[in-house]
Amino acid sequence: MAAFSCSLGRAFAAVSKPKHSLPSQINDRSSFISPSSQVPLKQSIIFRKTRSISPKTTKISCNLEASASSTSAKTFHGLCYVVGDNIDTDQIIPAEYLTLVPSNPDEYEKLGSYALIGLPSTYTTRFIEPNQMKTKYSIVIGGDNFGCGSSREHAPVALGAAGAVAVVAESYARIFFRNSVATGEIYPLESEVRICEECKTGDTVTIVLAESKLINHTTGKEYKLKPIGDAGPVIDAGGIFAYARKTGMIPSQAA
Amino acid sequence: MAPQQTQRTPATTGSVKTAMTMTEKILARASEKPSLVPGENAWVNVDILMTHDVCGPGSIGIFKREFGQNSKVWDREKVVIIPDHYIFTADERANRNVDILRDFCKEQDIKYFYDITDLSNFKVNPDYKGVCHIALAQEGHCRPGEVLLGTDSHTCTAGAFGQFATGIGNTDAGFVLGAGKILLKVPPTLRFVLDGEMPDYLLAKDLILQIIGEISVAGATYKAMEFVGSTVESLNMEERMTLCNMVVEAGGKNGVVPADSTTFKYLEGKTSLPYEPVYSDQSARFVSEYRFDVSKLEPLVAKPHSPDNRALARECKNVKIDRVYIGSCTGGKTEDFLAAAKVFLASGKKVKVPTFLVPATQKVWMDVYTMEVPGSGGKTCSQIFEEAGCDTPASPSCGACLGGPKDTYARMNEPQVCVSTTNRNFPGRMGNKEGQIYLASPYTAAASALTGYVTDPREFLQ
């Protein structure tokens, strides 16, 4: 199962240990800004400060019914939306919506409104109601190979922008997993068994991240999840860039 | 008292060389380490980063947000920007995305930007190429032993050149734009040994459909797929590209074919940069090895709605179809059109359903109109296609492989049955959610067009 864990998360954790030579490589400013650049590093810091709060943080506080005030929520509570195996990126966000640029705030929101719109009509309940921008389901439950297909980052971004906080699937396609962690948009959690066969869309569930546990209040059943491991702190921080700055991998303050 | 001994693992002194697969070797060299084993994470230097009109603007946005509005990319000669996905459309956002690429390339003085400004006639745009993965190969950006990343899942196509090539998302790409390196976990390798003489009714597409059908759409997740054997050695570069192209459809991280004289010959005149190929060690360890006797294989299709839903083409002969699509990075190269032309030539009849032809690049389009098809008495592909009643070859781009904006040429807007030389057939892939896509080789696609049913090409080639 180690093969499924996120290389990013593991490596960053490894890198923060002093004995690796890596941090000095990354902290070497010249490796980030090419020698030909005349721009002082300070400029990128100024820009970072004015950057808007990670969308994920604001939407978590919108979706949580419990009064979790911490921005790195360890508990997610809400309704779940259940899908099957091999949900590919074309179903998560059909190609015709890829003209939307996720780093543009207005288009980010629009992208969210199309999340899972590609699911076939056999899914009688839609993830997002017509004329709505956000979903009422904060947790998506899937089967095998969730997120297979394209490398489009628009897929985890659309889910996150729509208001989902986590996906719980049996297994993931690697690029989708990696993109989820890199963007910090959603927690890609793995179940031990086929939860997708035991939960129904609309069930109320709670995920206790620290205990790697999912509770289905509607059925009364509890499920063990695989620990998110080193990918967790990366998503908590808001993605690889935020994590890299937080852990000192990228200089966060001019000397 | 015993003398103090320093604890050093042999690998760090370089005195013991671990046997490595070619993927492990490429990544080790690119991360300046003597060796790597699967599972290890490494910071890898990137030789080429490619992006296109769909993911480029997002990657650029992240680059500027994280490194600074006035930051410069790590190397203006290693970023290759190729508009190809949504080009010939009236969609304003799609057109705007190409403009965003242009502005960035101007500001950064990007050396390789294959721009298009006049959408009404692709031919008057001298720089425009078309489908990114084919353009990368044709322009000499794929070199043995190197690390090539792209914001597209089919970046794995370049592995045909004996390099490490894989797809990444916008955030990773934004990081690479600034840093010139990426954190990767070294994948273990699955080895596929393909031996036997390639029957004249089989193409590389059949081989990869066979493999994906064997191991499933998640069979190669987080793994490298290495293709070796006498059959692979007999394939030309474009066929090898088809093989590696669909590695991602098995969940694979990357695909590789060892470089040989076929590779070096293809590269002659295309690249002036030096390169050093790497090869798997004799005693390298592979997760599994699959052996195929290619002479026993038959033409295949992947039935709706999964690339691993493998079936013999001849067993689907009762499936009535509505259209045929020949195009994309998987099946829209020069060799693919030559193959389709061969079937139409052998038949001499007309197609029974609309048959859409979308050459991947300008160069492929030119070949379709100028190359003589062997055994035709001097006819070009385009002439043969016209005589067979196919649609006129369209402007080169990704076209309808992934649906795209509603006005995309050959987009499937109704629930129809299509035989396609493309790479994915999940619901809605080419447009309509109820559309049924049968993935096939250009031989099988052409044969199916001639009968109006899914058809084994042996009906015409034997």
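Just so we're on the same page: letters track the sequence lines, and every chain starts at 1.
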Polar side chain donor-acceptor pair, B:His85 to B:Asp152, under 3.5 angstrom: yes
Selection from B:Pro427, B:Gly428, B:Pro187, B:Ser216 maximising heavy-atom pairs under 4.5 Å formed with chain A: B:Pro427
Segment of B:Glu92 engaging chain A (4.5 angstrom heavy-atom cut-off): neither
Residues B:Lys33, B:Glu40: salt bridge by 4.0 Å N-O rule: no
Short N-O contact, B:Lys64 and B:Glu107, less than 4.0 angstrom: yes
Proximity breakdown for B:Val217 and chain A, heavy-atom pairs closer than 4.5 Å: both
Which portion of A:Ile117 sits near chain B, non-hydrogen atoms under 4.5 angstrom: backbone
Heavy-atom proximity to chain B below 4.5 Å, by part of A:Leu119: backbone
Part of B:Ile182 lying under 4.5 Å from any heavy atom of chain A: side chain
Heavy-atom pairs under 4.5 Å with chain B, option from A:Val101, A:Asn86, A:Val157, A:Asn104 with the top count: A:Val101
Side chain / backbone / both / neither for B:Asn170 at chain A, heavy atoms under 4.5 Å: both
Which of A:Gly118, A:Pro102, A:Pro120 touches chain B most, by non-hydrogen pairs under 4.5 Å: A:Gly118
Modelled atom types, side-chain donor and acceptor of B:Asp407 and B:Thr89, under 3.5 Å: yes
By salt bridge (charged side-chain N to carboxylate O under 4.0 Å, His left out) - contacts of A:Glu197 (at least two apart): A:Arg194
Region of A:Leu98 in contact with chain B, defined by heavy-atom distances below 4.5 Å: both
B:Arg424 side chain to B:Ser153 side chain, donor-acceptor N/O pair below 3.5 angstrom: yes
Residue B:Arg76 versus chain A: region with a heavy atom under 4.5 Å: neither
Largest heavy-atom contact set with chain B, pairs under 4.5 Å, which of A:Ala173, A:Gly149, A:Pro156: A:Gly149
B:Asp53: partners by side-chain hydrogen bond (donor to acceptor under 3.5 Å, both in side chains), with sequence neighbours left out: none
